[in-house]
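Working notes, structure below.
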There are 2 protein chains.
Amino acid sequence: MVTMMDKTEILKALSNPLRVEFLEWMRQPEENFSSQAHPLEMGICAQQFERRCGLSQSTVSGHLATLEKAGLVSTTKVGQWTFYHRNEDAIRDFIETLKTSL
Amino acid sequence: MVTMMDKTEILKALSNPLRVEFLEWMRQPEENFSSQAHPLEMGICAQQFERRCGLSQSTVSGHLATLEKAGLVSTTKVGQWTFYHRNEDAIRDFIETLKTSL
DNA sequence: TCACCATATCGGCTACATCCGATATGTAGA
DNA sequence: TCTACATATCGGATGTAGCCGATATGGTGA
C-alpha cells in the first residue's frame, strides 16, 4: 500500500533521470554491472553505480539514499559494503497507485 | 508511445504534488470544480484551478503550462478562456512505460 | 594497533523550482 | 473605441536540488 505522502516522495525521487536509470540498471544486474566480490543476487554495491555513471562517490551515495528514503530500494549491509536491491513490491504498488489515482 | 525524453519530462512534471492534484481533480470535474459558463466536458478553465488551490494566477498558469509541455494535458482555446483537459492517451502510455521499463 | 577500503555526511557552490506582483496580450461587450 | 476580463509572461525573492572535495564512520586484515 502506497500512501499519498509516499507517492509524493516516490515521484520526487523519480524526477531525477539518473535515479530512474539506477533502478532500471538493477533490473538486469548482469548486463549493467561488472562482477563483484559477492554475488549480484545479494544486491549491487554502491561502487558499481559510481563506475557506471562516472559521478563522484558522495553524489552517488546521496542518490542512493534518496531512493532508499522513498522506499524504492532496500539495503543489506555486509561488512564494509552496502548492497542495494530493488524493492519490487513498493515499485509495483506505486505503479498500481498511479494507475488508479492519476 | 512515450520516448525516454518524454518520460523524464513527465516525471519532472509529476514531481510537484500540486500538479499531480491538478490532474487528479480533472478526473472528476463535477466533484472538484464549480460550474462554469461553458460545460465541464469542454475542459476546465484556468480560473477554476486558481480558486481550488488558492495560489496566484501567475503561479497556476505556470503549473498548467508545465503539465501541457509534458503532454499530460491539452488545451482548447475558446474566446478569452483556455480549457484544460487530461490527455488520457499520454497518461496511459506513460504508466504503461513505467510498468515495462522501471 | 595501524593502514586501508567502502560508504556516509558535511560545507560550499551553482543551477533550477516555486512563488509573487506587475505587466503584456488578446477577447468580449458596451 | 474603451473598459473589463482571462490568461500568459516577466523580474525578483527565496528555497531546494545536484554536484564536488574533504572529512567522518566503521569494517578488514596485517
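To find a chain, count down the sequence lines: A is the first, B the second, and so on, and within it residues start at 1.
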Task: Asp93(A) side chain vs Val2(A) backbone, donor-acceptor pair below 3.5 Å - done: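 No, Asp93(A) side chain to Val2(A) backbone: no donor-acceptor pair under 3.5 Å.
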Open item on the list: Tell me whether Arg19(A) contacts the main-chain N or O of His63(A) through its side chain, where contact means a donor paired with an acceptor under 3.5 Å.
Closed with: no
Without decimals, in angstroms, what is the distance between [X] [atom1] and [N] [atom2]?
X        : N       : atom1 : atom2 : value
Lys12(A) : dT18(C) : NZ    : P     : 7 Å
Leu14(A) : dG18(D) : CG    : P     : 12 Å
Lys69(A) : dT16(D) : NZ    : P     : 14 Å

- [ ] List the protein contact pattern of nucleotides 4-13 of chain C with one symbol per nucleotide (5' to 3'): B for base contact, S for sugar-phosphate-only contact, - for none; contact means a heavy-atom distance under 4.0 Å.
- [x] -BSBBB----
Task: Verdict with reasoning, Glu31(A) to Arg52(A), per salt bridge (Lys or Arg N to Asp or Glu O under 4.0 Å) - done: CA-CA 11 Å; Glu31(A) 301 180 12; Arg52(A) 182 82 164 78; over 6 Å; no
Task: Donor on one side chain, acceptor on other, Ser74(B) and Glu68(B), under 3.5 Å - done: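 Result is no, nothing qualifies.
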Task: Distance-only side-chain donor-acceptor flag, Ser61(B) / Ser58(B), under 3.5 Å - done: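 Side chains of Ser61(B) and Ser58(B): no pair found under 3.5 Å.
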Open item on the list: Go nucleotide by nucleotide along DNA chain D from the 5' end; which of Val78(A) and Ser15(A) gets its closest nucleotide reached first?
Closed with: Ser15(A)
So, do [X] and [Y] sit near enough that their side-chain heavy atoms are less than 4.5 Å apart?
X        : Y        : answer
Ile44(A) : Trp25(A) : no
Cys53(A) : Glu21(A) : no
Met26(B) : His85(B) : no
Asn16(B) : Thr8(A)  : no

Open item on the list: So if I take the C1' atoms of five pairs at each end of the helix from dT1(C)-dA30(D) to dA30(C)-dT1(D) and get each local axis, what angle do the two axes make, rounded to 10 degrees?
Closed with: 20°
TODO: Can you label the angle between the Phe49(A) ring and the Phe22(A) ring as parallel, tilted or perpendicular, going by 30° and 60°?
DONE: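 If you compare the ring of Phe49(A) with that of Phe22(A), the planes turn out tilted.
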Open item on the list: Tell me whether the side-chain N/O atoms of His63(B) come closer than 4.0 Å to OP1 or OP2 in dC19(C).
Closed with: yes
Task: Near-strand residues of residues 16-28 of chain B, defined as heavy-atom separation under 4.0 angstrom from DNA chain C - done: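 Residues of residues 16-28 of chain B that come under 4.0 Å of DNA chain C are, in numerical order, Asn16(B), Arg19(B).
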Task: Rounded distance [0.5 Å steps], CG in Leu23(B) versus CG in Leu67(B) - done: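 Atom-to-atom, Leu23(B):CG and Leu67(B):CG are 5.0 Å apart.
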